[in-house]
There are 2 protein chains.
Amino acid sequence: MPGTLDPIDRHILRVLQRDGRISNVDLAREVGLSPSPCLRRVRLLEEAGIIDRYVAVLDPAKVGAGLTVFARVWFKTQDAEVTLRFGEAVRRFPEVMECYLTTGECDAVLRIVTTDLHSYWRFQADHLTRIPSVLSVKTDVPMETLKRSYELPLR
Amino acid sequence: MPGTLDPIDRHILRVLQRDGRISNVDLAREVGLSPSPCLRRVRLLEEAGIIDRYVAVLDPAKVGAGLTVFARVWFKTQDAEVTLRFGEAVRRFPEVMECYLTTGECDAVLRIVTTDLHSYWRFQADHLTRIPSVLSVKTDVPMETLKRSYELPLR
DNA sequence: CAAAAGTTTGGCATATTCTGCCATTCAGAG
DNA sequence: CTCTGAATGGCAGAATATGCCAAACTTTTG
């Protein structure tokens, strides 16, 4: 029903991806509309689920979540039962920010956030490797962040 | 300066990580304060950089960014010059959402967002592998998303 | 080409929220 | 117990959001 996004919609989305708390008045000025139709478009984008939600982005280092690591996981078996239980387990761990099942070299990729290497090691030893489905884990530890973006590219 | 976060600050951060556009009146009610001191705390958290920014989270599938892939990159050499140029290059690509230098098996890990496998393949062939520093790339393609969170764990 | 239907826009009135100020309350030190 | 500093709650004015309606625009239809 909301066929495609016109240039104004994309402009709105671009702005809101950079500043999710901009006032509707300023947003309207920025995209070249008056406040009324601008707010209406935002509401439609929300109702269509194109805008999923608004969130505050915290500085990881300042809230004790300074270390991001990527873990690649191999399962003992690949049946539905195993992956289902694995999914339930990782959803319970707040340290696991993202988790994907892959078809490549390994079975799952996780992005995990902790305070430091020691607390990551504890998480891996005490929780991650104790999930019954898990055969082994390989960890890539970033030394430096070259880029971290929250803006999806809009064609 | 802002020694530590007290329980009310953490409560505020937890709520704002779930709903970055909640009105200050509702936020105050939720954390058990009146609007005035609540707004004051939020402003202090912003000024301290603990709240970095507010963003709208879009549904990737609905804006033509439905495929997330992880790419592991090996460099030809590991000197500072090479990594610097690599960083500049990836920052220019909007498809690259995150990029970290690693000390493990590979030299860099990237999270890349595109429309579909075909457009990813084109991105890798036309852009990623053409960065002079890049020796080789291995890609893990997720089949399914088990978890995607935007809330950092707050101890 | 013209007329009609539907959609989008802009402006206005009202309700809600934000913002800054001040007196009061609370916690801790002397 | 008293003093001091910080945090809180309430209030008034300013800014913003919200809903409604007429006008302008776009698209379809005759």
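We name chains A, B, ... by the order of the sequence lines, and we start the count at 1 in each one.
In this structure, the CG atom of B/L27 is 13 Å from the P atom of D/dG9, given to the nearest Å. We find that CZ of A/R40 is positioned 16 Å from P of C/dG6, with the value rounded to whole Å. Taking atom CG of residue A/D6 and atom P of nucleotide C/dT8, one finds them 9 Å apart after rounding to whole Å. The interatomic distance linking A/R21 (CZ) with D/dA17 (P) rounds to 11 Å, in whole Å. Atom CD1 of B/I22 is separated from atom P of C/dT17 by 11 Å (rounded to the nearest Å). Rounded to an integer number of Å, the gap from CG of A/L39 to C1' of D/dC20 is 13 Å. Between the CG atom of B/N24 and the P atom of D/dA17 there is a distance of 14 Å, rounded to whole Å. Going from atom CG of B/L44 over to atom P of C/dT19 covers 14 Å, rounded to whole Å.
Nearest to the side chain of A/S36, among C/dC21, C/dG11, D/dA17, sits C/dG11. Candidate nucleotides D/dG9, C/dT8, D/dT8 were compared by shortest atom distance to the side chain of B/R41, and D/dT8 ranks first. With distances taken from any side-chain atom of B/V25 to the nucleotides D/dG9, D/dT18, C/dC18, the minimum falls on C/dC18. Among the nucleotides C/dG10, D/dT16, D/dG9, the one closest to any side-chain atom of A/P37 is C/dG10.
Taking the charged nitrogens against the carboxylate oxygens, A/E105 and A/K138 have no contact shorter than 4.0 Å, which rules out a salt bridge. No salt bridge links B/E88 with B/R91; every basic N to acidic carboxylate O contact stays at or beyond 4.0 Å. Looking at B/E81 and B/R85, a side-chain N of the basic residue comes within less than 4.0 Å of a carboxylate O on the acidic one, giving a salt bridge.
The minimum heavy-atom distance linking B/P35 with B/N24 is given by the pair O-ND2, 3.0 Å.
Between B/R43 and C/dT19 there is a side-chain N or O to OP1 or OP2 distance below 4.0 Å.
Atoms CZ and CD, from A/R122 and A/E95 in turn, are 9.5 Å apart once rounded to the nearest 0.5 Å.
Residue contacts for A/S34: at a heavy-atom cut-off of 4.0 Å it reaches a base atom on one of the strands shown.
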